[in-house]
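To start, the structure under review is shown below, and the notes come after it.
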Amino acid sequence: MEYRYCGKSGLQLPVISLGLWHNFGYTTPFSTQEEIVLHAFENGITHIDLANNYGPPAGSAEENFGRMMTRGLKCHRDEIVVSSKAGHYMWPGPYGDMTSRKNTFASLHQSLRRTGLEYFDIFYSHRYCPEIPLEETVQALIDIVKQGKALYVGLSKYPADIASKACAMMAEQHVRCLIYQDRYNMICRKPEAAHVEMLDKNGLGFIAFSPLAQGLLTNRYIHGIPEDSRVFKEGAFLHKEDITAEWVEKARKLNEIAAVRGQSLAQMSLAWVLAKKYVTSVIAGVSSIRQLDDNLAAMNAAAFTDSELRDIDLILGDSIIR
């Protein structure tokens, strides 16, 4: 496993982290989840990415990870980086959503109870809420570090200018923001517009989620929609309407480039993200050990040629979101 320093800090993260979002709730057998997490750890994936609303249902991913800790991982606590987040809807009423101090601390304490941990290595504000004063959210993050309930704090899906202001507020009280997390892949390139400059200015690491665009950037859809696709699941973030005949053709052409490189399309998609010098790690979401091993093999990729990068951009064309 390759490890990269997270921005201007002493913390190293594996280039591939394991995200416990969709497949680690009560709808997946616990034994399957545990096998994946242990296999990941045995292969050098030392960073587990959680959030209070991961499941389904919300909270169940943290509870399941807590069970894994008590069943054997606890003795490896000092070898694991565990992150969680608060900020999205979690429970009814005025205090179960957004980024107030009340919600942030309540969510943190609930997450610590569910996981059975004494502290998180990284705790994120999961999203920016313009309804809440930035100073209130930032002060909560600062106090979380000063109270020893998290070693580091991070921001997720914040506008670049707001994230930079938040970093400055933290620095004033001698707490550095460690890391920024956002959606980033060959299709969604929004962070390139302003966030990369913000990361460099503030010395933040960058961790990318959805590197495979919810499965679009794999060979799963090069022949259309398979019957067991996630698009048929309730609450799915990928929809049938996303997989058009035009997209299928683009996916086939991307798959041809990957094949010439000796990779699967998923491996090439991960390698594309990891080739960016400002990327510290990518978050992989998997449902099997086979998928995890396929992702791990992406680390063995040859460097992209200028021709390959141009061809990828030409194929994706107007599908690229900047």
Side-chain angles (χ1 to χ4, degrees), residues 3 5-7 9-14 17-21 24-26 30 33-34 36-38 40-42 44-55 57-88 90-91 95-96 99-126 136-156 170 173-181 204-205 207 280-281 283:
Y3 298 85
Y5 282 102
C6 192
S9 80
L11 182 68
Q12 297 180 67
L13 294 180
S17 300
L18 184 63
L20 308 192
W21 182 19
F24 292 83
Y26 294 152
F30 177 78
Q33 300 177 37
E34 190 172 43
I36 292 171
V37 172
L38 293 178
F41 180 63
E42 290 166 357
I45 296 180
T46 54
H47 177 214
I48 304 297
D49 181 80
L50 288 156
N52 61 347
N53 64 337
Y54 286 0
S60 58
E62 289 182 330
E63 290 178 356
N64 284 332
F65 180 72
R67 286 181 65 192
M68 295 177 207
M69 290 295 293
T70 61
R71 285 166 54 89
L73 274 179
K74 193 172 184 179
C75 63
H76 298 287
R77 177 65 183 96
D78 293 337
E79 303 168 65
I80 303 173
V81 172
V82 185
S83 60
S84 194
K85 317 175 193 73
H88 282 292
M90 188 61 189
W91 66 88
Y95 313 121
T99 58
S100 69
R101 183 180 180 87
K102 171 71 172 175
N103 172 264
T104 301
F105 267 91
S107 296
L108 167 71
H109 292 150
Q110 289 178 21
S111 292
L112 289 172
R113 285 195 295 271
R114 282 190 289 265
T115 57
L117 300 177
E118 295 180 358
Y119 66 93
F120 286 111
D121 296 281
I122 306 170
F123 194 76
Y124 291 87
S125 176
H126 205 170
E136 179 172 345
T137 304
V138 171
Q139 189 62 53
L141 294 175
I142 291 168
D143 292 343
I144 284 169
V145 172
K146 291 189 173 183
Q147 292 176 18
K149 295 173 181 177
L151 302 183
Y152 306 92
V153 286
L155 303 172
S156 177
M170 292 184 207
Q173 296 193 45
H174 308 290
V175 171
R176 286 192 57 249
C177 187
L178 174 80
I179 191 168
Y180 176 75
Q181 181 176 137
L204 273 63
I207 186 164
T280 309
S281 181
I283 299 174

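No experiment lies behind these values; they were computed from the predicted model shown.
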Partners meeting side-chain contact (heavy atoms from CB on, under 4.5 Å) with T280 (sequence neighbours left out): R4, C6, L13
[X] vs [Y] side-chain heavy atoms within contact, under 4.5 Å:
| X | Y | result |
| --- | --- | --- |
| I48 | M69 | no |
| T104 | F123 | yes |
| F105 | D143 | yes |
| Q110 | E62 | no |
| V82 | T115 | no |
| I122 | L11 | yes |
| Q12 | Y5 | yes |
| Y152 | V81 | no |

Say you draw a straight line from [atom1] of [X] to [atom2] of [Y]; how long is it, rounded to the nearest 0.5 Å?
| X | Y | atom1 | atom2 | value |
| --- | --- | --- | --- | --- |
| I144 | R101 | CD1 | CZ | 8.5 Å |
| Y124 | C177 | OH | SG | 9.0 Å |
| L18 | T46 | CG | OG1 | 11.0 Å |
| L73 | E79 | CG | CD | 9.5 Å |
| M68 | I80 | CE | CD1 | 11.0 Å |
| K146 | H174 | NZ | NE2 | 7.0 Å |

Mind listing the closest non-hydrogen atom pair of [X] and [Y] along with its distance?
| X | Y | answer |
| --- | --- | --- |
| N52 | M90 | O-CE, 2.9 Å |
| S156 | Y180 | C-CE1, 4.3 Å |
| S84 | S111 | OG-OG, 4.0 Å |

Look only at the side chain of [X] and the backbone of [Y], and say whether a donor-acceptor pair between them is shorter than 3.5 Å.
| X | Y | answer |
| --- | --- | --- |
| Y3 | G44 | yes |
| T99 | T137 | no |
| N64 | F24 | yes |
| K149 | L112 | no |

Geometric class of the H126/H88 ring pair [parallel <30°, tilted 30-60°, perpendicular >60°]: perpendicular
L141 and its side chain to side chain contact (heavy atoms under 4.5 Å, CB included) partner, picked from L108, V153, V175: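 Output: one option passes, namely V153.
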Check against side-chain contact (heavy atoms from CB on, under 4.5 Å), Y119 and Q147: CA-CA 10 Å; Y119 66 93; Q147 292 176 18; over 6 Å; no
I'd like to know whether [atom1] of [X] has more than 12 heavy-atom contacts from other residues, nucleotides or ligands below 6.0 angstrom.
| X | atom1 | result |
| --- | --- | --- |
| F30 | CZ | yes |
| K74 | NZ | no |
| E118 | CD | no |

Side-chain H-bond candidate by donor/acceptor type, S17 with S281, under 3.5 Å: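 Yes, a side-chain donor-acceptor pair sits under 3.5 Å.
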Charged tip of R114 within 45° of F65 ring normal and under 6.0 Å: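 Ring-cation test returns no.
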Full working for side-chain contact (heavy atoms from CB on, under 4.5 Å) between V145 and R176: CA-CA 10 Å; V145 172; R176 286 192 57 249; over 6 Å; no
Criterion side-chain contact (heavy atoms from CB on, under 4.5 Å) on L20 and Q33, from CA distance to verdict: CA-CA 9 Å; L20 308 192; Q33 300 177 37; over 6 Å; no
D49 and K85: CA distance, side-chain angles, deciding distance, salt bridge (Lys or Arg N to Asp or Glu O under 4.0 Å) verdict: CA-CA 9 Å; D49 181 80; K85 317 175 193 73; 2.8 Å; yes
